[in-house]
Amino acid sequence: CRGFQAAVDSVASLCRMPLRALPDPAAAEDCDLVDGRQISESQIAAFRKTWVSKAIVLQQELGESAPLYEEQIAGSHNSFNASSYLVPLNGKPVQYLPSLTNQDPNQVYSIADQLQMGIRGLEIDLHWVPSIFGNLGTGGYWVDVCHGQSTAIPDTGLSVHVGCTIDRSLQNTLAEVRGWLDAHPRQFLMLYLENQLDNKLQAHDLAASLIHQSLGRLVYRPPSSLKSGQCADLPYGKSEAAMARTGARVLIVGNCGPGDAWNHLVFSRGSKWNEGGNPTTYGAADCAADTKAHDDHSAFRRWYEESPFLEAVMEASQTLTASATRQMVDCGVNLTGFDQLMPFDGRLKAFVWSWAAGEPGTAGDCAYQDVRGRFRTGDCVTPREAACVGPGQVWHATTSLTTPALAALQCRTQFPGSTFGVPVNGLRNAQLHQARSSRTATVWLNYAKVNGRWRADGIPNRFR
(Lines give C-alpha, C1' and ligand atoms only; values in the text may rest on other atoms or scores of the structure.)
Protein backbone atom coordinates (compact mmCIF):
# COMPACT_ATOMS: atom_id res chain seq x y z
CA CYS A 1 0.00 0.00 0.00
CA ARG A 2 2.76 2.45 0.94
CA GLY A 3 4.67 1.63 -2.25
CA PHE A 4 1.61 2.34 -4.37
CA GLN A 5 0.98 5.60 -2.49
CA ALA A 6 4.59 6.68 -3.03
CA ALA A 7 4.23 6.08 -6.77
CA VAL A 8 1.00 8.10 -6.88
CA ASP A 9 2.57 10.97 -4.96
CA SER A 10 5.56 10.97 -7.32
CA VAL A 11 3.31 11.26 -10.37
CA ALA A 12 1.36 14.05 -8.68
CA SER A 13 4.54 16.02 -7.91
CA LEU A 14 5.70 15.73 -11.52
CA CYS A 15 2.30 17.06 -12.53
CA ARG A 16 2.54 20.05 -10.20
CA MET A 17 6.09 21.19 -10.85
CA PRO A 18 5.51 22.85 -14.25
CA LEU A 19 2.02 24.07 -13.31
CA ARG A 20 3.19 25.86 -10.16
CA ALA A 21 5.49 28.02 -12.29
CA LEU A 22 2.54 29.35 -14.31
CA PRO A 23 1.07 32.83 -13.60
CA ASP A 24 -2.21 31.29 -12.43
CA PRO A 25 -1.73 30.60 -8.67
CA ALA A 26 -4.38 27.88 -8.76
CA ALA A 27 -3.17 26.03 -11.86
CA ALA A 28 -1.55 23.17 -9.95
CA GLU A 29 -4.82 22.33 -8.19
CA ASP A 30 -5.82 20.26 -11.21
CA CYS A 31 -3.27 17.66 -10.09
CA ASP A 32 -5.59 16.74 -7.22
CA LEU A 33 -7.05 14.26 -9.71
CA VAL A 34 -3.87 12.23 -9.15
CA ASP A 35 -3.52 12.19 -5.35
CA GLY A 36 -6.54 14.08 -4.03
CA ARG A 37 -4.53 17.04 -2.66
CA GLN A 38 -4.94 20.65 -3.79
CA ILE A 39 -1.48 22.21 -3.63
CA SER A 40 -1.02 25.73 -4.99
CA GLU A 41 -0.12 29.32 -4.16
CA SER A 42 -3.82 30.19 -4.04
CA GLN A 43 -4.29 27.72 -1.18
CA ILE A 44 -1.56 29.44 0.83
CA ALA A 45 -2.98 32.89 0.11
CA ALA A 46 -6.44 31.77 1.23
CA PHE A 47 -5.07 30.21 4.43
CA ARG A 48 -3.22 33.37 5.39
CA LYS A 49 -6.56 35.19 5.60
CA THR A 50 -7.92 32.78 8.21
CA TRP A 51 -8.07 33.26 11.98
CA VAL A 52 -5.92 30.12 12.41
CA SER A 53 -3.05 31.68 10.47
CA LYS A 54 -3.25 34.92 12.44
CA ALA A 55 -3.61 33.13 15.78
CA ILE A 56 -0.50 30.99 15.23
CA VAL A 57 1.61 34.05 14.49
CA LEU A 58 0.19 36.00 17.45
CA GLN A 59 0.73 33.22 19.97
CA GLN A 60 4.29 32.66 18.78
CA GLU A 61 4.96 36.39 19.12
CA LEU A 62 3.46 36.15 22.62
CA GLY A 63 6.05 33.51 23.49
CA GLU A 64 9.01 35.61 22.36
CA SER A 65 9.44 37.19 25.79
CA ALA A 66 9.48 33.82 27.60
CA PRO A 67 12.53 31.61 28.18
CA LEU A 68 13.03 29.10 25.40
CA TYR A 69 11.99 26.21 27.65
CA GLU A 70 8.54 27.87 28.00
CA GLU A 71 8.01 28.38 24.28
CA GLN A 72 5.90 26.30 21.92
CA ILE A 73 7.10 26.42 18.33
CA ALA A 74 5.26 25.12 15.30
CA GLY A 75 7.92 23.15 13.43
CA SER A 76 8.15 20.96 10.35
CA HIS A 77 10.17 17.78 9.98
CA ASN A 78 12.79 17.57 7.21
CA SER A 79 11.50 20.94 6.05
CA PHE A 80 13.73 20.98 2.95
CA ASN A 81 12.51 17.64 1.58
CA ALA A 82 9.53 18.80 -0.46
CA SER A 83 8.10 17.34 -3.65
CA SER A 84 6.56 20.45 -5.22
CA TYR A 85 9.27 23.04 -4.95
CA LEU A 86 8.66 26.62 -6.00
CA VAL A 87 10.62 29.38 -4.26
CA PRO A 88 10.27 33.16 -4.61
CA LEU A 89 13.82 34.46 -4.94
CA ASN A 90 14.54 38.06 -5.94
CA GLY A 91 10.88 38.55 -6.76
CA LYS A 92 10.73 35.68 -9.25
CA PRO A 93 9.57 32.09 -8.78
CA VAL A 94 12.43 29.61 -9.05
CA GLN A 95 11.57 26.01 -9.85
CA TYR A 96 13.80 23.20 -8.59
CA LEU A 97 14.07 19.91 -10.43
CA PRO A 98 13.27 16.54 -8.86
CA SER A 99 15.91 14.56 -7.00
CA LEU A 100 15.81 11.13 -5.44
CA THR A 101 15.30 12.80 -2.07
CA ASN A 102 12.30 14.92 -2.92
CA GLN A 103 10.55 12.13 -4.77
CA ASP A 104 10.19 10.43 -1.38
CA PRO A 105 9.19 13.61 0.43
CA ASN A 106 8.37 14.66 3.96
CA GLN A 107 6.72 17.81 2.66
CA VAL A 108 4.71 18.94 -0.35
CA TYR A 109 5.38 22.67 0.11
CA SER A 110 8.73 24.48 0.08
CA ILE A 111 10.38 26.03 3.13
CA ALA A 112 9.15 29.47 2.11
CA ASP A 113 5.62 28.10 1.78
CA GLN A 114 5.84 26.40 5.20
CA LEU A 115 6.92 29.69 6.77
CA GLN A 116 3.88 31.33 5.18
CA MET A 117 1.77 28.74 7.01
CA GLY A 118 3.16 29.77 10.41
CA ILE A 119 6.07 27.33 10.77
CA ARG A 120 8.89 28.84 12.83
CA GLY A 121 11.01 25.75 13.46
CA LEU A 122 12.82 24.33 10.42
CA GLU A 123 14.86 21.14 10.14
CA ILE A 124 17.55 20.84 7.46
CA ASP A 125 19.76 17.76 6.99
CA LEU A 126 23.36 18.47 5.94
CA HIS A 127 25.47 15.93 4.05
CA TRP A 128 29.10 15.98 2.88
CA VAL A 129 28.78 14.35 -0.54
CA PRO A 130 30.12 14.44 -4.11
CA SER A 131 28.18 17.30 -5.62
CA ILE A 132 27.70 19.45 -8.70
CA PHE A 133 28.60 22.37 -6.42
CA GLY A 134 31.96 20.84 -5.45
CA ASN A 135 35.32 22.06 -6.76
CA LEU A 136 38.96 21.10 -6.80
CA GLY A 137 39.54 22.55 -3.36
CA THR A 138 36.82 20.35 -1.87
CA GLY A 139 37.71 17.26 -3.88
CA GLY A 140 34.36 17.50 -5.64
CA TYR A 141 32.47 17.39 -2.34
CA TRP A 142 29.99 19.96 -0.99
CA VAL A 143 27.50 20.52 1.79
CA ASP A 144 24.18 19.52 0.24
CA VAL A 145 20.78 18.95 1.81
CA CYS A 146 19.07 15.60 1.38
CA HIS A 147 17.04 13.03 3.26
CA GLY A 148 19.70 10.36 3.37
CA GLN A 149 21.69 8.27 5.78
CA SER A 150 25.46 8.43 6.18
CA THR A 151 27.10 5.01 6.61
CA ALA A 152 30.84 4.57 7.07
CA ILE A 153 32.68 2.25 4.68
CA PRO A 154 34.99 0.11 6.85
CA ASP A 155 38.75 0.71 6.59
CA THR A 156 38.42 3.51 4.00
CA GLY A 157 37.71 6.69 5.96
CA LEU A 158 34.84 7.29 3.53
CA SER A 159 31.09 7.22 3.92
CA VAL A 160 28.22 6.52 1.59
CA HIS A 161 25.13 8.71 1.95
CA VAL A 162 22.23 6.51 0.90
CA GLY A 163 19.46 8.57 -0.65
CA CYS A 164 21.61 11.53 -1.72
CA THR A 165 21.98 12.14 -5.47
CA ILE A 166 21.84 15.52 -7.20
CA ASP A 167 20.43 17.69 -4.44
CA ARG A 168 20.08 21.31 -3.43
CA SER A 169 23.07 22.97 -1.80
CA LEU A 170 23.12 24.46 1.67
CA GLN A 171 23.69 27.97 0.32
CA ASN A 172 20.67 27.60 -1.96
CA THR A 173 18.49 26.55 0.98
CA LEU A 174 19.79 29.33 3.22
CA ALA A 175 19.10 31.88 0.48
CA GLU A 176 15.46 30.82 0.62
CA VAL A 177 15.40 31.30 4.40
CA ARG A 178 17.15 34.69 4.15
CA GLY A 179 14.71 35.88 1.50
CA TRP A 180 11.78 35.12 3.79
CA LEU A 181 13.44 36.80 6.77
CA ASP A 182 14.11 39.94 4.75
CA ALA A 183 10.42 40.05 3.78
CA HIS A 184 9.29 39.50 7.40
CA PRO A 185 11.60 41.65 9.55
CA ARG A 186 9.83 40.98 12.90
CA GLN A 187 9.93 37.19 12.77
CA PHE A 188 12.35 34.86 14.57
CA LEU A 189 13.24 31.31 13.52
CA MET A 190 14.77 28.21 15.05
CA LEU A 191 16.94 26.32 12.56
CA TYR A 192 17.67 22.70 13.47
CA LEU A 193 20.59 21.29 11.48
CA GLU A 194 20.89 17.51 11.40
CA ASN A 195 24.62 17.03 11.04
CA GLN A 196 25.72 14.22 8.72
CA LEU A 197 29.01 15.84 7.77
CA ASP A 198 30.98 12.73 8.78
CA ASN A 199 32.96 14.65 11.41
CA LYS A 200 35.02 16.23 8.63
CA LEU A 201 36.67 19.53 9.57
CA GLN A 202 36.55 20.83 5.99
CA ALA A 203 32.83 20.07 5.77
CA HIS A 204 32.05 21.89 9.00
CA ASP A 205 34.21 24.87 8.11
CA LEU A 206 32.50 25.14 4.71
CA ALA A 207 29.03 24.84 6.28
CA ALA A 208 29.92 27.58 8.78
CA SER A 209 31.17 29.80 5.97
CA LEU A 210 27.94 29.32 3.99
CA ILE A 211 25.84 30.09 7.08
CA HIS A 212 27.87 33.23 7.75
CA GLN A 213 27.59 34.38 4.12
CA SER A 214 23.82 33.83 3.96
CA LEU A 215 22.63 34.82 7.44
CA GLY A 216 25.53 36.79 8.90
CA ARG A 217 24.54 38.97 11.85
CA LEU A 218 21.04 37.48 11.93
CA VAL A 219 22.44 34.40 13.71
CA TYR A 220 22.40 34.42 17.51
CA ARG A 221 25.84 33.08 18.37
CA PRO A 222 27.33 31.04 21.19
CA PRO A 223 29.53 32.98 23.65
CA SER A 224 32.70 34.37 22.09
CA SER A 225 34.55 33.15 25.18
CA LEU A 226 34.26 29.52 24.03
CA LYS A 227 37.62 27.80 24.10
CA SER A 228 38.90 25.99 21.05
CA GLY A 229 37.10 22.69 20.58
CA GLN A 230 34.25 23.61 22.91
CA CYS A 231 30.60 23.99 22.03
CA ALA A 232 27.72 25.61 23.91
CA ASP A 233 24.38 24.06 24.77
CA LEU A 234 21.20 25.72 23.51
CA PRO A 235 20.39 28.73 25.75
CA TYR A 236 17.16 27.28 27.11
CA GLY A 237 16.83 30.01 29.72
CA LYS A 238 17.06 32.90 27.24
CA SER A 239 14.09 34.39 25.38
CA GLU A 240 13.84 35.15 21.69
CA ALA A 241 13.24 38.79 22.64
CA ALA A 242 16.58 38.92 24.46
CA MET A 243 18.31 37.33 21.47
CA ALA A 244 16.60 39.74 19.09
CA ARG A 245 17.94 42.71 21.05
CA THR A 246 21.40 41.73 19.77
CA GLY A 247 20.09 42.02 16.19
CA ALA A 248 19.67 38.25 15.81
CA ARG A 249 16.63 36.57 14.27
CA VAL A 250 17.84 32.99 13.83
CA LEU A 251 18.79 30.49 16.53
CA ILE A 252 20.70 27.48 15.14
CA VAL A 253 20.86 24.17 16.98
CA GLY A 254 22.58 20.95 15.98
CA ASN A 255 25.54 18.87 17.11
CA CYS A 256 29.06 19.73 18.17
CA GLY A 257 31.49 19.65 15.28
CA PRO A 258 35.26 19.64 14.81
CA GLY A 259 37.08 22.94 14.73
CA ASP A 260 35.80 26.31 15.91
CA ALA A 261 33.96 27.93 12.98
CA TRP A 262 30.92 25.64 13.25
CA ASN A 263 30.76 25.76 17.06
CA HIS A 264 30.75 29.56 17.03
CA LEU A 265 27.51 29.54 15.02
CA VAL A 266 25.67 26.37 16.05
CA PHE A 267 24.49 25.47 19.56
CA SER A 268 24.51 21.88 20.73
CA ARG A 269 21.18 20.35 21.71
CA GLY A 270 22.61 19.33 25.07
CA SER A 271 21.15 16.90 27.59
CA LYS A 272 17.76 18.65 27.86
CA TRP A 273 16.80 18.09 24.23
CA ASN A 274 14.42 15.12 24.00
CA GLU A 275 12.97 13.92 20.70
CA GLY A 276 12.49 10.22 21.40
CA GLY A 277 9.24 8.31 21.07
CA ASN A 278 6.59 7.61 18.46
CA PRO A 279 3.80 10.21 18.28
CA THR A 280 1.48 7.64 16.70
CA THR A 281 0.72 6.27 20.16
CA TYR A 282 0.83 9.55 22.14
CA GLY A 283 -1.29 9.14 25.26
CA ALA A 284 -1.76 9.88 28.94
CA ALA A 285 1.63 8.53 30.06
CA ASP A 286 3.46 10.64 27.45
CA CYS A 287 1.43 13.68 28.44
CA ALA A 288 2.23 13.24 32.12
CA ALA A 289 5.95 12.92 31.37
CA ASP A 290 5.93 15.97 29.08
CA THR A 291 3.97 18.05 31.60
CA LYS A 292 6.42 17.19 34.40
CA ALA A 293 9.43 17.90 32.17
CA HIS A 294 7.96 21.26 31.20
CA ASP A 295 7.07 22.20 34.76
CA ASP A 296 10.55 21.48 36.12
CA HIS A 297 12.34 22.58 32.92
CA SER A 298 14.21 19.30 32.74
CA ALA A 299 13.59 18.79 29.01
CA PHE A 300 12.94 20.66 25.79
CA ARG A 301 10.46 18.29 24.13
CA ARG A 302 10.18 17.68 20.39
CA TRP A 303 7.90 15.13 18.71
CA TYR A 304 8.16 14.50 14.98
CA GLU A 305 6.62 12.17 12.45
CA GLU A 306 8.03 10.13 9.55
CA SER A 307 5.96 9.74 6.38
CA PRO A 308 8.38 8.84 3.51
CA PHE A 309 8.18 5.42 1.88
CA LEU A 310 11.83 4.63 2.67
CA GLU A 311 11.19 5.13 6.38
CA ALA A 312 8.16 2.84 6.23
CA VAL A 313 10.25 0.11 4.61
CA MET A 314 13.34 0.41 6.82
CA GLU A 315 11.73 1.24 10.15
CA ALA A 316 8.12 2.30 10.72
CA SER A 317 5.94 5.24 9.89
CA GLN A 318 5.35 7.77 12.64
CA THR A 319 2.13 9.77 12.47
CA LEU A 320 1.35 13.03 14.25
CA THR A 321 -2.41 13.67 14.06
CA ALA A 322 -4.48 16.75 14.86
CA SER A 323 -5.78 15.04 17.99
CA ALA A 324 -2.25 14.25 19.21
CA THR A 325 -1.15 17.80 18.38
CA ARG A 326 -3.94 19.24 20.53
CA GLN A 327 -2.93 16.98 23.41
CA MET A 328 0.78 17.78 23.02
CA VAL A 329 0.07 21.52 23.12
CA ASP A 330 -1.87 21.18 26.38
CA CYS A 331 0.88 18.95 27.82
CA GLY A 332 3.66 21.49 27.22
CA VAL A 333 5.50 20.02 24.22
CA ASN A 334 7.93 22.66 22.93
CA LEU A 335 8.43 21.80 19.26
CA THR A 336 6.49 19.83 16.67
CA GLY A 337 7.84 18.12 13.56
CA PHE A 338 4.96 17.97 11.08
CA ASP A 339 5.19 16.03 7.82
CA GLN A 340 3.11 16.62 4.67
CA LEU A 341 1.98 20.02 5.98
CA MET A 342 -0.70 21.82 3.97
CA PRO A 343 -2.81 24.97 4.32
CA PHE A 344 -6.06 24.26 6.20
CA ASP A 345 -4.25 21.35 7.86
CA GLY A 346 -6.15 20.27 10.97
CA ARG A 347 -2.89 20.10 12.90
CA LEU A 348 -2.32 23.82 12.44
CA LYS A 349 -5.75 24.52 13.90
CA ALA A 350 -5.00 22.08 16.74
CA PHE A 351 -1.76 23.95 17.46
CA VAL A 352 -3.77 27.07 18.33
CA TRP A 353 -4.19 27.05 22.12
CA SER A 354 -4.85 30.77 22.50
CA TRP A 355 -7.48 32.64 20.47
CA ALA A 356 -11.01 31.37 19.92
CA ALA A 357 -12.30 30.93 16.38
CA GLY A 358 -12.78 34.30 14.69
CA GLU A 359 -10.67 36.15 17.26
CA PRO A 360 -9.12 38.60 17.86
CA GLY A 361 -12.29 40.52 17.05
CA THR A 362 -13.45 44.09 17.45
CA ALA A 363 -15.09 43.89 20.89
CA GLY A 364 -12.24 45.78 22.55
CA ASP A 365 -8.50 46.13 23.00
CA CYS A 366 -8.02 43.81 25.99
CA ALA A 367 -7.97 40.01 26.04
CA TYR A 368 -9.64 37.64 28.46
CA GLN A 369 -9.86 33.86 28.81
CA ASP A 370 -13.39 32.63 28.20
CA VAL A 371 -15.23 29.74 29.88
CA ARG A 372 -13.71 27.28 27.37
CA GLY A 373 -10.16 28.47 28.00
CA ARG A 374 -9.80 30.51 24.81
CA PHE A 375 -8.76 34.13 24.33
CA ARG A 376 -11.36 36.71 23.35
CA THR A 377 -11.32 40.48 22.99
CA GLY A 378 -13.07 42.58 25.61
CA ASP A 379 -13.80 46.19 26.51
CA CYS A 380 -11.14 46.53 29.25
CA VAL A 381 -13.73 47.69 31.83
CA THR A 382 -16.10 44.76 32.46
CA PRO A 383 -15.28 43.22 35.87
CA ARG A 384 -13.79 39.73 35.64
CA GLU A 385 -11.35 37.59 37.56
CA ALA A 386 -7.68 38.29 36.74
CA ALA A 387 -4.82 35.96 35.78
CA CYS A 388 -1.99 35.93 38.32
CA VAL A 389 1.27 34.04 37.99
CA GLY A 390 3.59 33.38 40.90
CA PRO A 391 7.10 31.98 41.27
CA GLY A 392 7.59 28.67 39.52
CA GLN A 393 4.85 29.43 36.99
CA VAL A 394 2.07 28.76 39.49
CA TRP A 395 -1.19 30.19 38.13
CA HIS A 396 -4.08 31.69 40.08
CA ALA A 397 -7.27 33.59 39.31
CA THR A 398 -8.37 36.37 41.67
CA THR A 399 -11.43 35.54 43.75
CA SER A 400 -12.73 39.10 43.39
CA LEU A 401 -13.71 40.70 40.12
CA THR A 402 -11.53 43.47 38.75
CA THR A 403 -10.46 45.29 35.57
CA PRO A 404 -7.14 45.10 33.71
CA ALA A 405 -6.16 48.48 35.17
CA LEU A 406 -6.43 47.18 38.75
CA ALA A 407 -5.51 43.55 38.12
CA ALA A 408 -1.83 43.90 39.07
CA LEU A 409 -2.79 45.30 42.48
CA GLN A 410 -5.33 42.53 43.03
CA CYS A 411 -2.72 39.88 42.19
CA ARG A 412 -0.16 41.32 44.62
CA THR A 413 -2.81 41.57 47.36
CA GLN A 414 -4.40 38.12 47.01
CA PHE A 415 -1.30 36.17 45.98
CA PRO A 416 1.84 37.88 47.36
CA GLY A 417 4.77 37.54 45.00
CA SER A 418 2.56 37.07 41.94
CA THR A 419 2.04 39.40 38.98
CA PHE A 420 -0.74 40.03 36.48
CA GLY A 421 0.09 37.65 33.65
CA VAL A 422 -0.80 35.97 30.40
CA PRO A 423 0.01 32.34 29.49
CA VAL A 424 2.58 31.88 26.74
CA ASN A 425 1.91 28.23 25.97
CA GLY A 426 -0.91 25.70 26.00
CA LEU A 427 0.08 24.07 29.29
CA ARG A 428 0.08 27.36 31.21
CA ASN A 429 -3.19 28.33 29.58
CA ALA A 430 -4.74 25.05 30.75
CA GLN A 431 -3.39 25.59 34.27
CA LEU A 432 -4.93 29.06 34.41
CA HIS A 433 -8.23 27.68 33.15
CA GLN A 434 -8.22 25.16 36.00
CA ALA A 435 -7.50 27.93 38.55
CA ARG A 436 -10.78 29.82 37.99
CA SER A 437 -13.23 30.10 40.86
CA SER A 438 -16.03 28.44 38.89
CA ARG A 439 -16.85 26.92 35.51
CA THR A 440 -18.61 30.11 34.45
CA ALA A 441 -15.79 32.50 35.39
CA THR A 442 -13.88 34.48 32.76
CA VAL A 443 -10.41 35.88 33.42
CA TRP A 444 -8.66 39.05 32.31
CA LEU A 445 -5.20 38.55 30.78
CA ASN A 446 -2.27 40.92 30.77
CA TYR A 447 -2.50 41.09 27.00
CA ALA A 448 -3.81 44.00 24.96
CA LYS A 449 -3.65 45.75 21.62
CA VAL A 450 -1.49 48.87 21.65
CA ASN A 451 -0.86 50.91 18.51
CA GLY A 452 -2.30 48.10 16.39
CA ARG A 453 -0.19 45.29 17.89
CA TRP A 454 -1.08 42.73 20.56
CA ARG A 455 1.40 42.87 23.42
CA ALA A 456 1.89 41.24 26.79
CA ASP A 457 1.99 43.83 29.61
CA GLY A 458 0.45 46.34 27.24
CA ILE A 459 -2.83 47.51 28.82
CA PRO A 460 -3.79 50.73 26.97
CA ASN A 461 -2.94 53.86 28.99
CA ARG A 462 -6.50 55.15 28.92
CA PHE A 463 -7.54 52.17 31.05
CA ARG A 464 -4.66 52.34 33.54
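- Residue pairs meeting the ring-ring contact (aromatic ring centres under 6.0 Å, His included) criterion with at least one partner in residues 424-443, sequence neighbours excluded, do not occur; the list is empty.
- Within the 4.5 Å cutoff, side-chain heavy atoms of Phe375 are placed close to those of Trp353.
- Side-chain contact between His147 and Asn106 is present, with heavy atoms from C-beta onward closer than 4.5 Å.
- Proximity of a side-chain donor or acceptor of Asp365 to a complementary backbone N or O of Lys449 within less than 3.5 Å is not detected.
- By the 4.0 Å N-to-carboxylate-O rule, Glu240 lies too far from Arg120 to be salt-bridged with it.
- Ser307 pairs with exactly one of Gln340, Gln318, His77, Gln107 by the side chain to side chain donor-acceptor pair (under 3.5 Å) rule, that one being Gln340.
- A salt bridge does not link Arg301 with Glu275: every distance from a Lys NZ or Arg NE/NH1/NH2 to an Asp or Glu carboxylate oxygen is 4.0 Å or more.
- No hydrogens or angles considered: nothing links the side chains of Thr442 and Glu385 as a donor-acceptor pair under 3.5 Å.
- Under a 3.5 Å cut-off, the side chain of Ser418 and the backbone N or O of Cys411 do form a donor-acceptor pair.
- Contact record, Arg178 with Leu215: NH1-O, 3.7 Å, taken as the closest heavy-atom pair.
- Panel note: side chain Asn425, backbone Leu427; a donor-acceptor pair is recorded below 3.5 Å.
- For the pair Asp144 (side chain) and Leu126 (backbone), a donor-acceptor distance under 3.5 Å is absent.
- Interatomic distance, Leu122 CG to Ile252 CD1, rounded to the nearest 0.5 Å: 11.0 Å.
- A side-chain donor-acceptor contact under 3.5 Å links Trp303 and Asp290.
- When only modelled atom types and interatomic distance are considered, Ser40 and Ser42 share a side-chain donor-acceptor pair under 3.5 Å.
- Minimum interatomic distance between Gly63 and Val424 (heavy atoms only, all atoms of both residues): CA-CB, 4.1 Å.
- In this structure, Leu197 CG and Leu193 CG are separated by 9.0 Å, a value rounded to the nearest 0.5 Å.
- Closest of all the heavy-atom pairs between Val371 and Thr440 is CG1-O, 3.6 Å.
- Arg384 contributes no side-chain N or O that, together with a main-chain N or O of Val443, makes up a donor-acceptor pair within less than 3.5 Å.
- Of all the heavy atoms in Leu210 and Gln171, the pair that sits closest is CD1-OE1, 3.6 Å.
- Aromatic ring pairs are classed by plane angle as parallel below 30°, tilted from 30° to 60° and perpendicular above 60°; the pair Trp454 and Tyr447 is tilted.
- The minimum heavy-atom distance between Trp128 and Asp198, with the atom names listed, is O-OD2, 4.0 Å.
- Side-chain contact of Thr319 with Glu305: a donor-acceptor pair under 3.5 Å is absent, judged by distance alone.
- With no hydrogens or angles considered, a side-chain donor-acceptor pair links Asp379 and Thr382 at under 3.5 Å.
- Within the 3.5 Å criterion, the main-chain N or O of Met243 finds a donor-acceptor partner in the side chain of Thr246.
- Between Arg376 atom CZ and Ser354 atom OG the span is 12.0 Å, to the nearest 0.5 Å.
- From Ile44, atom CD1 reaches atom CD1 of Ile39 across 9.5 Å, with rounding to the nearest 0.5 Å.
- For the residue pair Asn429 and Gln369, a side-chain donor N or O sits within less than 3.5 Å of a side-chain acceptor on the partner.
- Between Asn199 and Pro258, the closest side-chain pair of non-hydrogen atoms falls below 4.5 Å.
- Counted by atom type alone, Glu61 and Gln59 present zero donor-acceptor pairs between their side chains at under 3.5 Å.
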task = Check the pair Arg428 / Glu70 against salt bridge (charged side-chain N to carboxylate O under 4.0 Å, His left out), numbers first and verdict last.
result = CA-CA 9 Å; Arg428 304 309 182 198; Glu70 281 290 316; 2.7 Å; yes
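- Nearest approach of Tyr109 to Gln43, heavy atoms of both residues: OH-CB, 3.8 Å.
- Within a 6.0 Å radius of CG in Asn451, no more than 12 heavy atoms belonging to other residues, nucleotides or ligands are found.
- Using modelled atom types, one side-chain atom of His184 and one backbone atom of Trp180 make a donor-acceptor pair closer than 3.5 Å.
- Checked by atom type and distance alone, the side chain of Glu64 never pairs as donor or acceptor with a backbone atom of Ala241 at under 3.5 Å.
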key: Stepwise salt bridge (charged side-chain N to carboxylate O under 4.0 Å, His left out) check, Asp370 with Arg372   = CA-CA 5 Å; Asp370 68 14; Arg372 297 175 64 86; over 6 Å; no
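- Between the side chains of Asn278 and Thr281, no donor N or O sits under 3.5 Å from an acceptor N or O.
- Side-chain polar atoms of Asn195 and His204 form a donor-acceptor pair below 3.5 angstrom.
- No option in Tyr236, Tyr69, Phe267, Tyr192 other than Tyr192 meets the ring-ring contact (aromatic ring centres under 6.0 Å, His included) test with Trp273.
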task = Verify side chain to side chain contact (heavy atoms under 4.5 Å, CB included) between Val145 and Asp167, making sure each step is shown before the conclusion.
result = CA-CA 6 Å; Val145 301; Asp167 294 291; 5.5 Å; no
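- Ile56 is not listed as a side-chain neighbour of Met117, based on a closest heavy-atom distance of 4.5 Å or more.
- Using a 4.5 Å heavy-atom threshold, the side chains of Leu62 and Leu58 count as separate.
- Atom NZ of Lys272 sits in a crowded spot, with more than 12 heavy atoms from other residues, nucleotides or ligands closer than 6.0 Å.
- For Asp339 and Arg347, the salt-bridge test fails: no basic side-chain N is under 4.0 Å from an acidic carboxylate O.
- Of the possible polar contacts, one joining the Gln72 side chain to the Val329 backbone as a donor-acceptor pair under 3.5 Å is found.
- For the atom pair Leu445 CG and Leu432 CG, the distance stands at 6.5 Å (nearest 0.5 Å).
- Between Leu191 and Val253, every side-chain heavy-atom pair lies at or beyond the 4.5 Å cut-off.
- The CZ atom of Phe188 sits 10.0 Å away from the CG atom of Leu181 when rounded to the nearest 0.5 Å.
- You'll find the side chain of Thr399 reaches within 4.5 Å of the side chain of Gln414, heavy atoms only.
- Here the side chain of Thr398 pairs a donor or acceptor atom with the backbone of Ser400 at under 3.5 angstrom.
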message = The test is side chain to side chain donor-acceptor pair (under 3.5 Å); show your working for Ser110 and Gln114 and say whether it passes.
response = CA-CA 6 Å; Ser110 69; Gln114 293 166 44; over 6 Å; no
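- No side-chain heavy atom of Phe80 sits under 4.5 Å from any side-chain heavy atom of Glu176.
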request  = Walk me through it: do Glu71 and Leu68 pass the test side chain to side chain contact (heavy atoms under 4.5 Å, CB included)?
outcome  = CA-CA 5 Å; Glu71 272 207 83; Leu68 191 59; 3.7 Å; yes
